[in-house]
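Each chain gets a letter, A, B and so on, in the order its sequence line appears, and its residues count up from 1. Everything numeric here is computed off the predicted structure, so don't read it as measured data.
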There are 2 protein chains.
Amino acid sequence: MASQTVENYLKALFSLAGDSGEVSVSDLSKYLEVSKPTAHSMVKKLHTEGLVKYEKYKPLSLTARGKKAAGLILRKHRLTEMYLVEKMGFGWEQVHEIAEQIEHIKSPLFFERMDEILGFPSHDPHGSPIPDKSGNVQYETYDKLSQCSPGDQVTLVALAHSSDELLDYLNKRNLRLGIELTVLDSESFDGSMSVETGINTYALSKLVCDALYVEPR
Amino acid sequence: MASQTVENYLKALFSLAGDSGEVSVSDLSKYLEVSKPTAHSMVKKLHTEGLVKYEKYKPLSLTARGKKAAGLILRKHRLTEMYLVEKMGFGWEQVHEIAEQIEHIKSPLFFERMDEILGFPSHDPHGSPIPDKSGNVQYETYDKLSQCSPGDQVTLVALAHSSDELLDYLNKRNLRLGIELTVLDSESFDGSMSVETGINTYALSKLVCDALYVEPR
DNA sequence: TATTAAAGTTAGACAAGACTAACAAATTTA
DNA sequence: TAAATTTGTTAGTCTTGTCTAACTTTAATA
Ligand SMILES: [Mn+2]
Ligand SMILES: [Mn+2]
Ligand SMILES: [Mn+2]
Ligand SMILES: [Mn+2]
């Protein structure tokens, strides 16, 4: 079975791969905070194990096997985050670090039970999809709040990323997934928006509006 | 922070230390299934870190610091076992392997929450005491079932050890902690006993009776 | 296009944690 | 007590995952 280190590399490659599926050694080394030679030597190892496609001086990509392995780890990560929030009372800003460790627990039954207890959730606490038992992810194409127009009535359904800064920002304002927003105004000069929830009115910067995925209602 | 490996060595030393508190390198190496030189070199390392008392050719013992560190890991192990049984529906025979891994999670808050959710339990699912937040264990001196006499009415409160074989044996017979037993007969020839629960009557070997801790009622 | 910068690669070193082979000390048994 | 066995120790090797220094290839820029 793959070591924790290998699992983290696979998950990193999976996360870094955009639509093209291609990742550079540089990006990988920055993401995991290791030196380039360290990332490079792991890439060569994963290549010999058939998990990464690699040719000298070419961009990296996960093989089908690598993608599946990575998807299964991401599944455990997101199931864990959901469990910590739903069943143990953690805040969505507290769970990533713990899940980063628990995702490596070697016990299929443990994650099966989590899944059952949670009622087979489709998304994690940040609105990201939980890969299925084959490691496949169902990507959704949400609109960003920044793409909405005045008068639009939307529900906050996911975040583009889950940085501590963003989560703290939203926590301070009591903004959570599921909250219903009405767009009041959109400022073309700086991309900032004014939205209301029925309780409060918020002035949100473009940076924030770009990070909020919404669905019309 | 101590590596998983170091944590496992400390816990092993703690578990192996009897009343004398002394452990041999041989016992340690057998317990952890590593070679004697491997155990030996780790002992020297732990000694330089002030966690183990060590002199050439003398028995080992944990220092106060080592004992505390070990107790805190054992606490996390037993809290986890309790959580898995009480909150996730695992059987008492399934939890050790998972707890062996989860005990190494670096997140005080995670174990705090477990403790709270469980209502600050004093014992794990096998009846072993959970060390307190300082790493101290409250040892109880239970009677063994094998020390009881015909007519004694007792409650099963703990196990002397939690081997898979014993747990499976007890599972097959629906014998669990808390069950009330009346001793019918004690056979001096082989130490076997006959006991009843109100529902069933059991013939138990000395091996089993020695492994069952009971309290009179 | 020539130069510079960035990205990728190779070589060599290191720490942690494991091993085997060989030997020394202590303990047990004859 | 002498021999045999067990226990403890040393020395040297290996794998995994990390690093720095130096070099090469590719990409960007003047
Ligand atoms: Mn996360
Ligand atoms: Mn991780
Ligand atoms: Mn256990
Ligand atoms: Mn462990």
Side-chain angles (χ1 to χ4, degrees), chain A residues 1-14 16-18 20-62 66 69-70 73 100-101 103-106, chain B residues 1-14 16-18 20-62 66 69-70 73 100-101 103-106:
Chain A
M1 207 158 317
S3 68
Q4 295 200 183
T5 307
V6 165
E7 290 189 344
N8 284 336
Y9 275 89
L10 289 173
K11 197 155 60 79
L13 286 163
F14 193 93
L16 289 169
S20 68
E22 296 188 339
V23 182
S24 71
V25 176
S26 258
D27 289 349
L28 185 59
S29 87
K30 277 173 205 149
Y31 188 84
L32 291 174
E33 298 180 281
V34 295
S35 70
K36 275 189 284 181
T38 297
H40 180 256
S41 77
M42 180 58 80
V43 161
K44 283 202 296 187
K45 173 186 168 164
L46 295 176
H47 173 60
T48 68
E49 291 174 7
L51 295 164
V52 163
K53 194 178 147 201
Y54 166 72
E55 281 177 282
K56 260 193 183 182
Y57 301 107
K58 297 270 171 66
L60 315 168
S61 56
L62 285 168
I73 302 157
E100 199 56 54
Q101 299 175 64
E103 67 190 359
H104 306 293
I105 298 293
K106 269 37 179 190
Chain B
M1 204 156 319
S3 69
Q4 294 200 184
T5 307
V6 164
E7 291 189 344
N8 284 336
Y9 275 91
L10 289 173
K11 197 155 59 80
L13 286 163
F14 193 92
L16 288 169
S20 69
E22 295 189 339
V23 181
S24 71
V25 176
S26 256
D27 289 349
L28 185 59
S29 89
K30 277 172 203 149
Y31 187 84
L32 290 174
E33 298 181 282
V34 296
S35 70
K36 273 189 288 180
T38 297
H40 180 257
S41 77
M42 180 57 80
V43 160
K44 283 202 296 186
K45 174 187 168 162
L46 295 176
H47 173 61
T48 68
E49 291 175 6
L51 296 164
V52 163
K53 193 177 147 202
Y54 166 72
E55 282 177 281
K56 260 194 183 181
Y57 301 108
K58 296 270 171 65
L60 315 169
S61 56
L62 286 169
I73 302 158
E100 199 56 54
Q101 299 174 65
E103 67 189 358
H104 306 293
I105 299 293
K106 267 41 178 188

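For dT16(D), neither phosphate oxygen OP1 nor OP2 lies less than 4.0 angstrom from any side-chain nitrogen or oxygen of Y9(A). At dA6(C), none of the side-chain N or O atoms of S26(A) fall inside 4.0 Å of OP1 or OP2 (strictly under the cut-off). Proximity of S3(B) to the phosphate of dA16(C): no side-chain N or O atom is located under 4.0 Å from OP1 or OP2. Here H40(B) reaches the OP1 or OP2 of dT9(D): one of its side-chain N or O atoms lies under 4.0 Å away. Under 4.0 angstrom from either OP1 or OP2 of dC19(C) there lies at least one side-chain N or O belonging to T38(B).
Applying the side-chain contact (heavy atoms from CB on, under 4.5 Å) test to Q101(B) and every residue at least two apart in sequence or in another chain returns I105(A), K106(A). With sequence neighbours excluded, the residues that form a side-chain contact (heavy atoms from CB on, under 4.5 Å) with A12(B) are L28(B), Y31(B), L32(B). With sequence neighbours excluded, the residues that form a side-chain contact (heavy atoms from CB on, under 4.5 Å) with D27(B) are L16(B), V23(B), S24(B).
Listed here is the closest heavy atom pair of G66(B) and L10(B): O-CD2, 4.4 Å. In this structure, E7(A) and H104(A) approach most closely via the heavy-atom pair OE1-ND1, 2.7 Å. Contact detail for S29(B) and S35(B): the closest heavy-atom pair is CB-O, 3.7 Å. Annotation for Y9(A) and V34(A): closest pair OH-CG2, 3.6 Å, computed over non-hydrogen atoms. Taking all atoms of both residues into account, the shortest heavy-atom contact from V6(B) to A2(B) is CG1-CB, 3.8 Å.
Non-hydrogen atoms lying under 4.0 Å from DNA chain C are contributed by K44(A), Y54(A), all within residues 42-55 of chain A.
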message = Does the protein touch nucleotides 23-29 of chain D at the base, only the backbone, or not at all? Give it as B, S and - per nucleotide, heavy atoms under 4.0 Å.
response = --S----

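If you measure from atom NZ of K30(B) to atom C1' of dG8(D), you get 12 Å, rounded to the nearest angstrom. dT16(D) atom P lies 17 Å from atom CG of N8(A), rounded to whole Å. Atoms NZ (K36(B)) and P (dA24(C)) sit 16 Å apart, rounded to a whole Å. We find that CG of L60(A) is positioned 14 Å from P of dA7(C), with the value rounded to whole Å. In this structure, L28(A) places its CG atom 12 Å from P of dT9(C), rounding to the nearest Å. Between the CG atom of L32(B) and the P atom of dA16(C) there is a distance of 19 Å, given to the nearest Å.
Sorted by first and then second residue, the side chain to side chain donor-acceptor pair (under 3.5 Å) pairs involving residues 50-61 of chain A (not counting sequence neighbours) are H40(A)-Y54(A).
Of the candidate nucleotides dG8(D), dG8(C), dT18(D), dT18(D) has the atom nearest to the side chain of T5(A).
S35(B) comes within contact range of at least one nucleobase, with a heavy-atom separation under 4.0 Å. Heavy atoms of S41(B) sit nowhere under 4.0 angstrom from any nucleic acid atom.
When each of V23(B) and P37(A) is assigned the nucleotide of DNA chain D with its nearest heavy atom, V23(B) is the one assigned upstream, toward the 5' end.
Put simply, the side chain of V52(B) does not reach to within 4.5 Å of the side chain of K45(B), judged on heavy atoms.
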